[in-house]
Structure formats: C-alpha cells, structure tokens
Amino acid sequence: MPPVLAIHGGAGTMRRTAMTPVVEASFRAGLRAALWAGHAVLASGGSALDAVTHAVMALEDDPQFNAGRGAVYTSAGWHEMDAAVMDGRNRAAGAVAGITGPRNPVLAARAVMEHSGCVLMTGEGALAFLRGQDLAWEDPEYFRTDRRWQALQRELERRRSNAADTRDDAEKHGTVGAVACDAAGNLAAATSTGGMTAKRPGRVGDSPVFGAGTWADNATCAVSCTGHGEFFIRWAASHEIAARMRHRGETLAAAAETVVAELETVGGDGGLVAVDAAGNVALPFNATGMYRGRIGADGVAWTGIYREDLRTG
Ligand code: ASP
C-alpha cells in the first residue's frame with residue numbers, strides 16, 4: 001500500500017565471483033541510502049515527484065553507480081549524461097541528453113520540466129539554459145572514477161585487437177532510477193545514466209526518451225528502465241507496459257514481466273522498476289542481476305542484487 005518507492009542501480013551486475021562481501025555490502029548500503037532519501041520525502045507527506053528526485057540524487061552522488069559521479073565514459077574519453085523525470089499527475093516531463101556539468105543531472109531534467117517550456121534538451125543548448133538555473137556544477141574531474149576509466153581503456157583495447165567481448169554486464173553499462181507512489185496515489189519516475197561504456201559521442205540512450213526508459217501516468221504506472229537502451233527505445237518499453245495495463249487490463253506485474261521477457265527474446269538485456277497507483281511494485285529483469293530496492297510505509301528498506309535475492313514486490 002502507498003506510499004512506496006522502488007529504485008534500481010542498473011541491470012547488469014558484477015559476476016558473483018568478482019563480488020566480495022565488502023563490495024556487496026557497499027552496493028547495498030548505497031541502495032539503502034537512496035531508499036531512505038526517497039522515503040524521508042514520502043513519510044513527511046511529500047510528493048512522489050520529490051521522492052524519486054531525491055532517491056536518484058543519492059544514487060548520482062554515489063560513485064559506485066553509473067550516473068552523475070561515477071558515470072561511464074564515451075569512446076572519446078568524456079562524459080555524456082542522460083536524465084529524465086516525469087510526473088504521473090499530468091504527464092509533465094523533462095529530460096536532458098548528452099550533458100556534463102550539472103552535479104545532479106536529474107535536477108537538470110527537473111529544471112527542463114519546470115522552467116524551459118521544453119520536454120527534452122540536448123548538448124550545448126541544454127547547458128546554456130541550465131547555466132541560468134539554480135544548479136550546482138562540477139568539473140569533469142568530479143565525475144571521474146578510476147574504475148570507469150579503466151573499463152574504457154579495456155574496451156578500447158578490445159576493439160583495437162578485435163577480441164571477443166567477455167566483459168561482465170556491469171562493465172558495459174548501468175543506470176539509476178526510481179519510481180514512487182505517494183500517499184495521495186500520485187506516481188512519478190526518474191532515471192539518470194552515463195549510458196553505455198565507450199558509447200559513440202552523441203549517442204543517446206533510452207533513459208531520457210519518454211515511453212522508452214522513463215514513463216509516469218497516474219492512470220497506469222510509473223516505470224524506470226535499465227539495460228541496452230537501443231532495444232528499450234525500439235520496443236517503447238515503458239509505454240508498452242502502460243499500454244498493456246490500459247488497453248488489455250493487465251496487472252502491473254504481468255505487463256512488466258511480459259515486456260522484459262519479450263526484450264530478452266530479441267537480445268535486449270536489462271530490467272526495470274515499476275509501480276502503480278495502488279502501490280503494487282514490479283522489479284523484473286532478464287540480466288544476471290539488477291541492483292534494486294524498495295521501501296514501503298513501514299520504512300523497512302529491502303535491497304536485491306542477484307536473481308536469487310528474494311523478491312518482495
Ligand atoms: N539504458 C542505459 C543506456 O542505454 C544503460 C543502462 O541502463 O545500463 O544508456
């Protein structure tokens with residue numbers, strides 16, 4: 001029952017063999033911090049929109065996750081971040097693509113939604129608008145992590161030598177996202193990402209594309225996706241879940257699981273978090289794992305990484 005918040009820290013986790021207890025505990029602590037940040041908003045009567053914004057900010061600030069600080073690099077060795085936020089009350093939406101500068105790309109997306117008159121802004125034009133907004137900015141060095149830089153070097157070397165791609169999913173991509181249903185039954189979604197490791201400069205993923213990686217509509221559901229973005233765009237993944245609920249009367253769980261399973265059949269690895277206005281939560285994925293969590297009215301934070309982690313959705 002509402003209020004409830006669900007988050008992901010990206011589909012595509014480290015292989016079990018590389019995941020030490022210390023690293024695992026650290027990921028779970030990062031997820032819990034984001035759950036509590038969002039829950040604090042909901043518990044004090046705040047909106048789903050503010051809750052998902054705060055949860056995603058916490059994940060962006062945590063260098064373990066591929067968004068904000070700790071984002072992956074393009075093949076040219078810089079960051080191009082995508083982020084989106086959508087309000088289920090009225091389908092208000094804002095997104096940025098291919099930017100680096102604002103400390104929290106999700107706040108840049110919110111500024112687009114609330115102050116630009118646009119839905120999606122990219123590159124230099126977006127930055128020019130955002131400079132006039134009340135946002136914290138950071139130098140490229142702030143976003144840099146050695147782990148992501150080394151992952152880029154390994155991938156560039158692999159491409160040069162034409163070797164097979166044996167990377168684990170966590171090295172290829174990641175994303176963070178949150179969905180919430182507040183006490184009034186209003187829904188919201190937010191997603192933020194550095195995209196795919198060594199992506200082509202100018203490439204935009206599914207996260208800032210509404211109906212693909214991000215969606216929120218009180219009449220159906222709020223969804224935030226993670227995975228191989230090109231597939232989520234081509235399959236209109238988040239909107240497809242809403243459409244199945246709206247037109248076929250499917251439950252949130254059935255619609256979400258069907259879409260994730262369909263993506264798997266075409267090679268679209270990934271997953272998503274979703275919530276409906278009754279407070280039902282779905283956390284399906286088809287990858288090795290997905291960093292994920294949920295927190296309900298009781299304030300108990302649940303986190304999961306691998307498939308065998310018990311689902312509490
Ligand atoms: N969906 C993101 C993108 O394609 C990456 C990810 O979620 O892993 O940019």
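Counting begins at 1 with the first residue of the sequence. Indexing begins at 1, ligand by ligand and atom by atom, following the structure's order. Side chains are part of it too, since the values below use all heavy atoms of this structure and drop only hydrogens, waters and symmetry mates.
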Quick test of your reading: applying salt bridge (Lys or Arg N to Asp or Glu O under 4.0 Å), list the pairs with at least one residue in residues 263-279, sequence neighbours left out, ordered by first then second residue.
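Output for this query is empty, none listed.
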What about the rings of Trp78 and Tyr73, do their centers lie closer together than 6.0 Å?
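Between Trp78 and Tyr73, the centre distance exceeds or equals 6.0 Å.
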Is the Tyr291 to His8 ring centre distance short of 6.0 Å?
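Not close enough - the centres of the two rings lie 6.0 Å or further apart.
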Considering only heavy atoms, which protein residues lie less than 4.0 Å from any atom of ligand 1?
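His173, Gly174, Thr175, Gly195, Met196, Arg203, Gly205, Asp206, Thr226, Gly227, Gly229.
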Asn90 side chain near Asp87 side chain, heavy-atom distance below 4.5 Å
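Yes. Closest side-chain heavy atoms under 4.5 Å.
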Between Thr226, Asp206, Leu59, which is the residue that forms a side chain to side chain contact (heavy atoms under 4.5 Å, CB included) with Thr175?
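Among Thr226, Asp206, Leu59, the one that satisfies the side chain to side chain contact (heavy atoms under 4.5 Å, CB included) with Thr175 is Thr226.
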Taking the cut-offs as 6.0 angstrom to the six-membered ring centre and 45 degrees off its axis, would you call Arg307 and Phe285 a cation-pi pair?
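So Arg307 does make the cation-pi contact.
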